[in-house]
Protein chains: 2
Amino acid sequence: MSKSTPAPSDTPFQKLENQLCFPIYAVSRMLTKAYQPYLQALDLTYPQYLVFMLLWEHTELTVKELGEKLLLDSGTLTPLLKRMEQKQWLSRRRDPRDERSVIISLLPAGRAMQQQACHIPQQMLEKLAMTPAKFEALRLQLQTLLTQLA
Amino acid sequence: MSKSTPAPSDTPFQKLENQLCFPIYAVSRMLTKAYQPYLQALDLTYPQYLVFMLLWEHTELTVKELGEKLLLDSGTLTPLLKRMEQKQWLSRRRDPRDERSVIISLLPAGRAMQQQACHIPQQMLEKLAMTPAKFEALRLQLQTLLTQLA
DNA sequence: ATCTGTTTAGTTGTGCACAATTAAACATTA
DNA sequence: TAATGTTTAATTGTGCACAACTAAACAGAT
């Protein structure tokens with residue numbers, strides 16, 4: 001029939017909008033961009049904000065623990081944490097009981113950041129304009145997918 | 001009551017797992033990683049694969065059109081497309097009728113890539129192990145969210 | 001104590017992602 | 001057509017993200 005085209009570009013699978021990956025990839029970047037005005041006012045990047053959220057909750061965490069929670073490795077975290085250390089937001093020191101580990105601790109300037117950032121989740125929620133039910137449904141589906149992938 | 005702590009870290013909003021953004025950010029990266037074995041075999045990165053999916057469908061697109069479809073700007077696309085040009089997958093030339101635009105065209109090696117990549121969506125689908133219904137539901141929710149954000 | 005294997009961060013190199021700026025080409029209007 | 005404004009890519013600089021590798025510290029076994 002046709003001149004041997006085993007992969008027509010209009011196969012549903014092959015179209016960008018029919019895939020799951022592209023919407024997630026795009027939404028992820030757009031969401032990060034939506035945080036920008038709030039984070040920029042605090043001189044923060046989104047991954048740095050994630051580190052702060054964990055430190056506000058736990059005060060002290062090793063690089064390994066941060067990596068497990070954020071699904072990031074030391075290749076990403078080490079330079080990121082060094083930048084945050086330079087701004088006096090946190091300290092990095094070896095664990096005396098296990099010199100392999102590096103303990104990340106919140107410093108006063110980092111703790112103070114919590115008050116300035118505490119309204120961000122609310123503001124983002126408003127920006128999304130989603131019903132709590134839809135929000136929770138989507139969150140659970142992503143959680144499931146993440147478990148499947150991680 | 002308490003000594004003025006307006007932002008307790010255990011406020012539901014402030015916890016990582018109660019946010020929408022982190023799961024999306026994490027799923028996005030894990031999904032890209034799940035593509036890795038298939039893409040690496042073709043010497044492709046995920047954003048390059050996205051460019052290919054569009055070119056397989058349209059053969060020719062300007063940088064502006066690619067940017068609109070992928071939600072990426074020239075700061076990202078120009079170097080990415082230059083790398084793809086070096087591998088002879090596509091060509092970059094100014095539009096003679098409007099010298100501002102750059103037309104990206106598929107070259108033979110780029111077209112040949114389609115046959116090698118055409119099984120990737122299927123394989124990814126199997127990896128996700130989702131029912132078609134859940135897949136479609138999640139896709140639609142993300143599409144809605146993307147419209148809200150973009 | 002020594003050897004072996006594992007764990008933990010750090011380092012190096014590549015490739016996005018994006019804000020901000022630049023410059024050329026085009027469009028519009030005076 | 002000259003002046004002004006807009007559009008389009010490219011450039012520059014910063015910060016992730018990750019694969020691959022290195023090196024030090026620890027654990028467990030002889």
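The figures that follow rest on heavy atoms only: side chains count, while hydrogens, waters and symmetry mates do not. Each chain gets a letter, A, B and so on, in the order its sequence line appears, and its residues count up from 1. Not measured: the values here are computed from a predicted model.
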(message) Enumerate the ring-ring contact (aromatic ring centres under 6.0 Å, His included) contacts for residues 70-94 of chain A, please, sequence neighbours excluded, ordered by first and then second residue.
(response)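 Sorted pair list: A/F52-A/W89.
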(request) Any ring-ring contact (aromatic ring centres under 6.0 Å, His included) involving residues 122-150 of chain B? Give me the pairs, sequence neighbours left out, ordered by first then second residue. (result)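 Passing the test, one end in residues 122-150 of chain B: no pairs.
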(message) What I want to find out is whether A/R94 reaches A/E99 closely enough, with some N-O distance under 4.0 Å, to be called a salt bridge.
(response) no
(request) Taking only Lys NZ, Arg NE, NH1 and NH2, and the carboxylate oxygens of Asp or Glu, determine whether A/E60 and A/R93 approach each other closer than 4.0 Å. (result) yes
(message) So if I take residues 63-88 of chain B and measure heavy-atom distances to DNA chain D, which residues fall below 4.0 Å?
(response) B/V63, B/K64, B/S74, B/G75, B/T78, B/K82
(request) Establish, yes or no, whether a centroid distance under 6.0 Å links the rings of B/Y46 and A/Y25. (result) yes
(message) To the closest 0.5 Å, what do you measure between CE (B/M53) and SG (A/C21)?
(response)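 These two atoms lie 6.5 Å from each other.
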Gap between atoms [atom1] and [atom2], on [X] and [N] respectively (whole Å):
{"X": "B/D95", "N": "D/dT8", "atom1": "CG", "atom2": "C1'", "value": "11 Å"}
{"X": "B/D98", "N": "D/dT7", "atom1": "CG", "atom2": "P", "value": "12 Å"}
{"X": "A/E99", "N": "D/dC26", "atom1": "CD", "atom2": "P", "value": "6 Å"}
{"X": "B/I104", "N": "D/dA10", "atom1": "CD1", "atom2": "C1'", "value": "12 Å"}

(request) Select from B/R92 and B/Q36 the residue whose nearest nucleotide in DNA chain D is closer to the 5' end of that strand. (result) B/R92
(message) Any side-chain N or O of B/R29 below 4.0 angstrom from OP1/OP2 of D/dC18?
(response) yes
(request) Tell me which of A/Q40 and A/T62 sits closer to the 5' end of DNA chain C, going by the nucleotide each one is nearest to. (result)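 Result: A/T62.
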(request) Between B/R100 and A/V102, name the one whose nearest nucleotide on DNA chain C is closer to the 5' end. (result)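 Per heavy-atom nearest nucleotide, the more 5' residue is A/V102.
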(request) Applying salt bridge (Lys or Arg N to Asp or Glu O under 4.0 Å), name anything that partners B/K87, two or more places apart in sequence or on another chain. (result)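 With neighbours one apart ignored, the set is B/D43.
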(request) Could you tell me whether B/T32 contacts a base, only the sugar-phosphate backbone, or nothing, with contacts defined as non-hydrogen atoms closer than 4.0 Å? (result) nothing
(request) Before giving the answer on side chain to side chain contact (heavy atoms under 4.5 Å, CB included), spell out for B/L146 and A/M30 the whole-Å C-alpha distance, their side-chain angles and the decisive distance to 0.1 Å. (result) CA-CA 7 Å; B/L146 188 55; A/M30 293 304 107; 3.8 Å; yes
(request) Give me the first and last nucleotide of DNA chain C, going 5' to 3', that has any atom under 4.0 Å from a heavy atom of chain A. (result)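 The protein-touched segment is C/dT7 to C/dA19.
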Solution key, residues 67-84 of chain B side-chain donor-acceptor pairs under 3.5 Å, sequence neighbours excluded:
from, atom 1, to, atom 2, distance (Å)
B/E68, OE2, B/K64, NZ, 3.1
B/D73, OD1, B/G75, N, 3.1
B/D73, OD1, B/T76, N, 3.2
B/T78, OG1, B/S74, O, 3.0

